[in-house]
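What follows is a single structure, written as structure tokens, with notes after it.
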Number of protein chains: 2
Amino acid sequence: MKPSDISITACSYSHVLEILSNKWSALVIYALESGTIRYSEIKRRIDGISQKMLTQTLRQLERDGLVSRKVTPSVPPIVDYTLTPLGNTLIPCMKMLKEWASEHYSVVRQAREQYDLGEDGAAVR
Amino acid sequence: MKPSDISITACSYSHVLEILSNKWSALVIYALESGTIRYSEIKRRIDGISQKMLTQTLRQLERDGLVSRKVTPSVPPIVDYTLTPLGNTLIPCMKMLKEWASEHYSVVRQAREQYDLGEDGAAVR
DNA sequence: CTGTATCCGAATAGATACTG
DNA sequence: CAGTATCTATTCGGATACAG
């Protein structure tokens, strides 16, 4: 048993991160948690996302089978997005992450401030 | 109550992802889960990481207060890294992510294959 | 042994303009 | 409304060389 076994175990992490490390993926999934909504609605909810990034993120999530896309060919067209059952299984994980963040992020921010202070202030003396 | 409330809630996600979306951060944390180890040992365990990325990742985790660094000024120098208590609180989250991945990743891969097939094969028909 | 510094190519992300 | 296409700026990551 090599110590580099870690790479194998870590492989799993990579897979998840591959899915939701895209800065917007998590946000989109969270927006869809409430149910089926359409493109423009997602865009409205996620303030700051560009058309390009939203479309790109949705395509990716669709490709991964986490989100389903339903086109109603009217004029103007309507496109609805929904979380698939697979997508829903991700919600508990994301809830946990969110909780970790709200519980511990203030500590992280403090740590950062301290670290950044030590950088130039009392380094060599 | 605006619909864009999501940005506020979603903010939490961004914070966590900010920490472990760096491709190597999760791996490093996982490597440190077993206890205190030194620089070269981490590098050995995470196959494929470059010095630059390892150092960069460690600095970042240290700055976030997730990892502590202890230098023993000998010749040659010894530098040990440990997960801080804060860093340890992240472990359950990562375990959950890992489990999700091992349970569902095969489905994701299948979804991808199907999606990619539909691209050029039976698109219009 | 444990880093730092620099260069370069690749991937990301945003802005903008255009289309069915 | 819901995209696609293109151009650009920034960031990321790897390789290499050098230092305490």
Side-chain angles (χ1 to χ4, degrees), chain A residues 3 7 10 13-14 17-28 31-32 36-64 67-82 115 118-120 123-124, chain B residues 3 7 10 13-14 17-28 31-32 36-64 67-82 115 118-120 123-124:
Chain A
S7 298
Y13 290 127
S14 307
L17 295 178
E18 195 184 314
I19 291 171
L20 44 79
S21 75
N22 285 322
K23 181 183 183 181
W24 297 113
S25 302
L27 295 265
V28 171
L32 290 170
T36 301
I37 53 176
R38 44 195 297 196
Y39 186 88
S40 51
E41 177 64 17
I42 305 176
K43 191 167 188 319
R44 198 173 315 120
R45 290 208 204 172
I46 306 177
D47 203 49
I49 195 171
S50 65
Q51 279 178 343
K52 179 190 172 180
M53 282 303 111
L54 178 52
T55 302
Q56 189 175 297
T57 305
L58 284 168
R59 285 288 116 70
Q60 207 170 271
L61 293 173
E62 196 193 350
R63 188 173 106 101
D64 290 345
V67 159
S68 70
R69 179 172 177 264
K70 201 188 74 180
V71 183
T72 307
S74 58
V75 178
I78 295 171
V79 183
D80 290 302
Y81 290 92
T82 318
Y115 186 92
E119 287 292 66
D120 44 43
V124 189
Chain B
S7 297
Y13 290 127
S14 307
L17 295 177
E18 193 183 316
I19 290 170
L20 44 78
S21 74
N22 285 323
K23 181 183 181 180
W24 297 113
S25 303
L27 296 266
V28 171
L32 290 171
T36 301
I37 53 176
R38 43 193 297 195
Y39 186 88
S40 52
E41 177 64 17
I42 305 176
K43 190 166 188 317
R44 197 174 316 122
R45 290 209 203 171
I46 306 176
D47 202 51
I49 195 170
S50 64
Q51 277 181 340
K52 178 189 172 180
M53 282 303 111
L54 179 52
T55 302
Q56 188 175 299
T57 305
L58 284 167
R59 284 288 116 69
Q60 207 171 272
L61 293 173
E62 195 193 350
R63 189 173 102 103
D64 289 344
V67 159
S68 71
R69 179 172 179 264
K70 200 189 74 181
V71 184
T72 306
S74 58
V75 178
I78 295 171
V79 183
D80 290 302
Y81 290 93
T82 318
Y115 186 93
E119 289 291 67
D120 45 42
V124 189

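Numbered from 1 within each chain, the chains take letters A, B, ... in sequence-line order.
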Atom pair distance, as rounded to whole Å: [atom1] in [X] and [atom2] in [N]:
X       : N      : atom1 : atom2 : answer
B:Lys43 : D:dA15 : NZ    : C1'   : 12 Å
A:Tyr81 : D:dC1  : OH    : P     : 14 Å
A:Leu54 : D:dA2  : CG    : P     : 10 Å
B:Glu18 : D:dT11 : CD    : C1'   : 14 Å
A:Ile78 : D:dA2  : CD1   : P     : 7 Å
B:Glu62 : C:dT2  : CD    : C1'   : 13 Å
B:Arg44 : C:dC1  : CZ    : P     : 9 Å
A:Ile42 : D:dC1  : CD1   : C1'   : 13 Å

Quick one: are [X] and [Y] in side-chain contact, heavy atoms under 4.5 Å?
X       : Y       : value
A:Asn22 : A:Thr57 : no
B:Thr55 : B:Tyr39 : yes
B:Leu61 : B:Val28 : yes

Which residues pass the side chain to side chain donor-acceptor pair (under 3.5 Å) test with [X], not counting sequence neighbours?
X       : value
A:Ser50 : none
B:Glu18 : A:Arg112
A:Ser40 : none

Look at the side chain of A:Arg38 and decide which nucleotide, out of D:dT4, C:dC1, D:dA2, has an atom nearest to it.
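The answer is D:dA2.
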
Any A:Arg59 side-chain nitrogen or oxygen under 4.0 Å from OP1 or OP2 of D:dT4
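Result: yes.
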
With a 4.0 Å limit, can you tell me whether B:Ser40 has a side-chain N or O closer than that to the phosphate oxygens OP1/OP2 of C:dT2?
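For C:dT2, OP1 or OP2 has a side-chain N or O of B:Ser40 closer than 4.0 Å.
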
Angle, rounded to 10°, between the helical axes spanning five pairs at each terminus of the helix from C:dC1-D:dG20 to C:dG20-D:dC1?
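Result, rounded to 10 degrees: 40°.
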
How many angstroms lie between CD1 in A:Ile19 and OG in A:Ser14, if you round to the nearest 0.5 Å?
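It comes to 11.5 Å.
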
Which residues pass the salt bridge (Lys or Arg N to Asp or Glu O under 4.0 Å) test with A:Arg59, not counting sequence neighbours?
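Per chain and number, A:Arg59 pairs via salt bridge (Lys or Arg N to Asp or Glu O under 4.0 Å) with A:Glu62.
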
From A:Arg38, A:Arg69, A:Lys70, residue fulfilling side-chain contact (heavy atoms from CB on, under 4.5 Å) relative to A:Val79
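Of the listed residues A:Arg38, A:Arg69, A:Lys70, the side-chain contact (heavy atoms from CB on, under 4.5 Å) partner of A:Val79 is A:Arg69.
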
Could you pull out the protein-nucleic contacts involving nucleotides 12-20 of chain C (nitrogen or oxygen on both sides, under 3.5 Å)?
unit_1	atom_1	unit_2	atom_2	d
C:dG14	OP1	A:Lys23	NZ	3.0
C:dG14	OP2	A:Trp24	NE1	3.2
C:dG14	N7	A:Lys52	NZ	3.4
C:dG14	O6	A:Lys52	NZ	2.2

